[in-house]
Visitor: 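Right, I'll just put the structure down here and ask away after.
Just so it is clear, the structure is predicted and the values come from calculations on it, not from any experiment.
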Amino acid sequence: MDPPDSASRVFCSRILSMVNTDDVNAIILAQKNMLDRFEKTNEMLLNFNNLSSARLQQMSERFLHHTRTLVEMKRDLDSIFRRIRTLKGKLARQHPEAFSRKCHPGLLCPQMPVPSPQGWLLEGHLRG
């Protein structure tokens, strides 16, 4: 063991006498306050992450549902347009004179009468 007045003991006692205990206590108090704030912040972030995760799960399910709906709608529209093309081809074969006129697509030609859908159904032109 070192004698009571050894160099290391004298050095330590002088260093300790230079430290202000009030300052050390203030630093410890400040660190405890910061620790409390960090723990509260950490808890709030964990809650936020849990809520965000639940919301992401809900939105992912909704996104998947909407994506499936859009794919189904596209499939339905493709089927509808295919049927329209088929009907248009049938009508072109049945009434070639009406389809031989040059018109801008989407605009009605002034010389062509506009048939009503009920009239076409009554005449039997749109059979399934």
Side-chain angles (χ1 to χ4, degrees):
M1 286 236 134
D2 288 337
D5 291 338
S6 71
S8 61
R9 287 200 183 266
V10 171
F11 177 74
C12 286
S13 66
R14 289 197 179 165
I15 290 291
L16 288 175
S17 67
M18 293 172 61
V19 174
N20 186 350
T21 55
D22 291 337
D23 291 342
V24 172
N25 289 335
I27 290 171
I28 291 172
L29 183 63
Q31 287 179 341
K32 285 182 182 178
N33 288 337
M34 283 189 278
L35 179 63
D36 288 341
R37 289 176 58 192
F38 288 144
E39 286 174 346
K40 287 178 185 177
T41 303
N42 192 30
E43 186 176 341
M44 288 173 22
L45 288 173
L46 287 173
N47 288 335
F48 176 79
N49 283 340
N50 290 336
L51 291 173
S52 295
S53 176
R55 188 69 172 159
L56 176 65
Q57 181 66 29
Q58 290 173 352
M59 290 297 109
S60 295
E61 290 170 5
R62 287 178 68 183
F63 180 75
L64 184 62
H65 173 72
H66 290 306
T67 302
R68 286 181 183 156
T69 302
L70 286 173
V71 168
E72 184 178 332
M73 288 171 66
K74 183 186 181 309
R75 196 174 329 124
D76 291 345
L77 285 173
D78 288 343
S79 172
I80 290 168
F81 285 121
R82 188 172 49 253
R83 290 179 192 170
I84 289 172
R85 281 191 298 274
T86 303
L87 287 173
K88 189 176 178 181
K90 285 181 183 178
L91 288 173
R93 285 190 299 277
Q94 289 177 359
H95 306 288
E97 69 283 350
F99 282 88
S100 66
R101 296 187 188 121
K102 298 289 182 186
C103 282
H104 186 276
L107 296 178
L108 294 175
C109 293
Q111 66 269 24
M112 287 182 22
V114 178
S116 68
Q118 291 84 10
W120 285 44
L121 290 174
L122 292 175
E123 293 175 18
H125 291 292
L126 294 177
R127 287 185 213 123

Visitor: Quick check for you: to the nearest 0.5 Å, what is the distance between Leu29 atom CG and Met34 atom CE?
Guide: 10.0 Å

Visitor: Please list, chain by chain and in numerical order, all residues satisfying side chain to side chain contact (heavy atoms under 4.5 Å, CB included) with Ser52, sequence neighbours excluded.
Guide: Phe48

Visitor: Once rounded to the nearest 0.5 Å, what's the spacing between atom CD of Gln31 and atom CG of Leu35?
Guide: 9.0 Å

Visitor: Not counting sequence neighbours, which residues clear salt bridge (charged side-chain N to carboxylate O under 4.0 Å, His left out) with Lys74? List them please.
Guide: Asp78

Visitor: Taking side chain to side chain contact (heavy atoms under 4.5 Å, CB included) as the definition, give me every residue that meets it alongside Ile15, ordered by chain and number, with sequence neighbours left out.
Guide: Phe11, Met18

Visitor: Using only atom types and a distance under 3.5 Å, with no angle test, would you say the side chain of Ser13 pairs donor to acceptor with the backbone of Arg9?
Guide: yes

Visitor: Other members of the hydrophobic cluster containing Phe81, with the 4.5 Å side-chain heavy-atom rule, please.
Guide: Leu77, Ile80, Ile84

Visitor: Sequence neighbours excluded and cut-off under 3.5 Å, please list the side-chain donor-acceptor pairs for residues 56-71, or say none.
Guide:
| unit_1 | atom_1 | unit_2 | atom_2 | d |
| --- | --- | --- | --- | --- |
| Gln57 | NE2 | Glu61 | OE2 | 3.1 |
| Gln58 | OE1 | Arg55 | NH1 | 3.2 |
| Ser60 | OG | Leu56 | O | 2.8 |
| Thr67 | OG1 | Phe63 | O | 2.7 |
| Thr69 | OG1 | His65 | O | 2.9 |

Visitor: Please check: side-chain N/O of Asn42 versus main-chain N/O of Phe38, any donor-acceptor pairing under 3.5 Å?
Guide: no

Visitor: Starting from the C-alpha separation in whole Å, work towards a yes-or-no answer on side chain to side chain contact (heavy atoms under 4.5 Å, CB included) for Thr41 and Leu45.
Guide: CA-CA 6 Å; Thr41 303; Leu45 288 173; 4.2 Å; yes

Visitor: Can any side-chain N or O of Ser17 pair as donor or acceptor with the backbone N or O of Arg14 at less than 3.5 Å?
Guide: yes

Visitor: Enter the distance from Asp23:CG to Ile28:CD1 here, rounded to the nearest 0.5 Å.
Guide: 11.0 Å

Visitor: Who pairs with Asp36 by side chain to side chain contact (heavy atoms under 4.5 Å, CB included), at least two apart in sequence or on another chain?
Guide: Glu39

